[in-house]
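I have placed the structure first, in the form of structure tokens, so that the comments after it can refer back to it.
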Amino acid sequence: MKLGAYFIEFDRTGFPLIRKNDWDFFISIFPVSKYQFESFLFENSPHRNMYTDEWYREKLKLNPRKEWWNIDEKYYELFLTGLTLREIEPFLRYLGDNFRLPIRDEWIKLYKNSRDIRETLNDLNKIKSLLKHEDVASPVFLWIEKLPIPLTNECVLEMLYDGEYFIGKPNYGLLPNLWIPEEIRSINWDTDVRKSVGFRILKEIKR
Amino acid sequence: MQKRILDFNFNVNLSLPVIIILEPSEENWNKIFNITLELTKSLPGRVEKIYFLGNKKEYKVFIPQDFEIYSAEWIRENLNRPLLIGKILENLSTDNKKRIIIVITSKEIIDLRDWENSEISKWIVFFNIGEESFIDLKRIENPIASVYIKNSDFVPLAFEIKPENIKSIIDYNDGKFILKINGDSEQLEGHLKTICSDELPKLIIQRTKGDPEEFLFQIESTWFSELQWKNIPDNLLTIINSGIDKKDFKCPNCNKIHNYKTLICPEGGTILTDFPLNTVILIKNNKYLSLSDWFAYPLKNNERIITIDGTLYDWTKGKWEKVKVIDLYEEVDNETWGLLHRI
């Protein structure tokens, strides 16, 4: 679907991805949420045994789960944090062969177009009745309407594709820090910072 | 919109199907298995399918033995999945069908609060196997609070509802008719002849918990015999015409003159001997019609009705307005007179 200078599509969990005309990738409008990742947990993935009840409850201790409709405060609790690359990869395979984590430049493109994307997504909400209900996950329109989309300024830290660096952002809820979004920080996984690190998904466009 | 007379039938099973959602835990499986097996046997034919928390796949239960035979395989497919219910409830919500959902678990369900205040959450019964070792079936049921048929302009002209122990009462309130159905039965079936416009009447079941469930009817060719206009017997013709003209008549019993309102001769005996009693009689062109088993009869192009107890209702400003109880030999439609033949 084309909206202004952007293309929007939905992944198999019903969450939206966005691409600007001149980008060769779609990137998710939200970091991966607990609601979204749970769609994957409900499937019969070949790696299912990795994702046990005990495993998931441990992850939720890092950053508690909240109801998807409850977005008044601490909305970073909607998003999944604390996963390792090994735990993320089966989810990416589930989404499709051309899905991966973004690299720094791709993420920065999203960040720099944030305001423009915000305005474009207001238009998406206006045409939501045209979308098939089953293609769109329940939280999507509420979050687009109420959250500071695309959440590149204040939400969770986001893991980049090589597994070494993170985009830093001011986030006083999970991890008090004063990073500016463009700044790349290397993180020591041994610290408790892992609880603050989420991830966004990217779909490569093969031209 | 021109009001029409339509015939419907319905056949509704009032016992709700049951869905069971199980915790896929290895350590609690023996207990969960025994409780579920007991449940499938206690609710024969009602357990539709089984789910495991964390998996949206459904496991159909065609006969109670299916669970006993296949559950070992089913639990192997699901062991230790996260206790999530979201996608299961999402699937169950899509068809709008009412069901009892039994969740058997020992722990808090991770995403249950997503469904707080939702309609489907009102249909869930939780069993904590840490606290309860057997399932009290009384906890499962969601009894029927009321069953009724209505729409905005519906009038039941005639109806037949089974089984026989079901009692049907017509209630009139604020310009609307409601056919209330009282009684205890697993199955409800019936036929209905109604006046309605484009909006067809619905059967509505309200249970103790949850929103009302609505059923649309099937249109059928007429089930009820049409009421027949019969010739007024010759010996009553003069009396009837006197009634219509509001004039005294000579009584065939005592040969004395009576006022036209007289239905019983003071010397004994009914005057309109061939007419059925305790019903409205309509008269037109020297013929008569009695409502007999019908509740109401349509008049004035279905914009007016007369009920079996002789009350006239007119369709006015979107309501059935109660006009009056008819007088003897009152003109109720063009060249049609009515009388309540009651002693």
Roughly how far, to the nearest 0.5 Å, is CG of A/Leu3 from CD of A/Glu119? 13.0 Å
Atom group of A/Trp69 that falls short of 4.5 Å from chain B, counting heavy atoms: side chain
Check each atom of A/Glu43 against the heavy atoms of chain B and say whether the ones under 4.5 Å are side chain, backbone, both or neither.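 For A/Glu43, backbone and side chain are both near chain B.
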Does B/Glu90 come within less than 4.0 Å of B/Lys56, counting only side-chain N to carboxylate O? no
Using 4.0 Å as the upper bound for N to carboxylate O, is an ion pair formed by B/Glu119 and B/Lys209?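 A salt bridge is absent here (no side-chain N lies under 4.0 Å from a carboxylate O).
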Looking at A/Arg65, A/Glu67, A/Lys66, A/Arg48, which one has more heavy-atom pairs under 4.5 Å with chain B than the rest?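 Winner by heavy-atom pair count: A/Arg48.
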Among the listed options A/Asn49, A/Thr52, A/Asn70, A/Leu41, the residue most often paired with chain B at heavy-atom distances under 4.5 Å: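 Result: the option with the highest number of such pairs is A/Thr52.
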I need the residue from B/Lys87, B/Lys57, B/Arg81 with the largest number of non-hydrogen atom pairs under 4.5 Å to chain A.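 Top option by heavy-atom pairs under 4.5 Å: B/Arg81.
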Taking side chain as everything from C-beta outward and backbone as N, CA, C, O, which of these in B/Ile88 sits under 4.5 Å from a heavy atom of chain A? Side chain, backbone, both or neither.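 When you check distances to chain A, atoms from both the backbone and side chain of B/Ile88 fall under 4.5 Å.
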Taking the six-membered ring for Trp and the single ring otherwise, decide whether the centroids of A/Phe37 and A/Phe40 are under 6.0 Å apart.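 Yes, the ring of A/Phe37 comes within the 6.0 Å limit of the ring of A/Phe40, centre to centre.
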Which residue in the set B/Glu73, B/Glu77, B/Lys49 passes side chain to side chain donor-acceptor pair (under 3.5 Å) when paired with B/Tyr59? B/Glu77
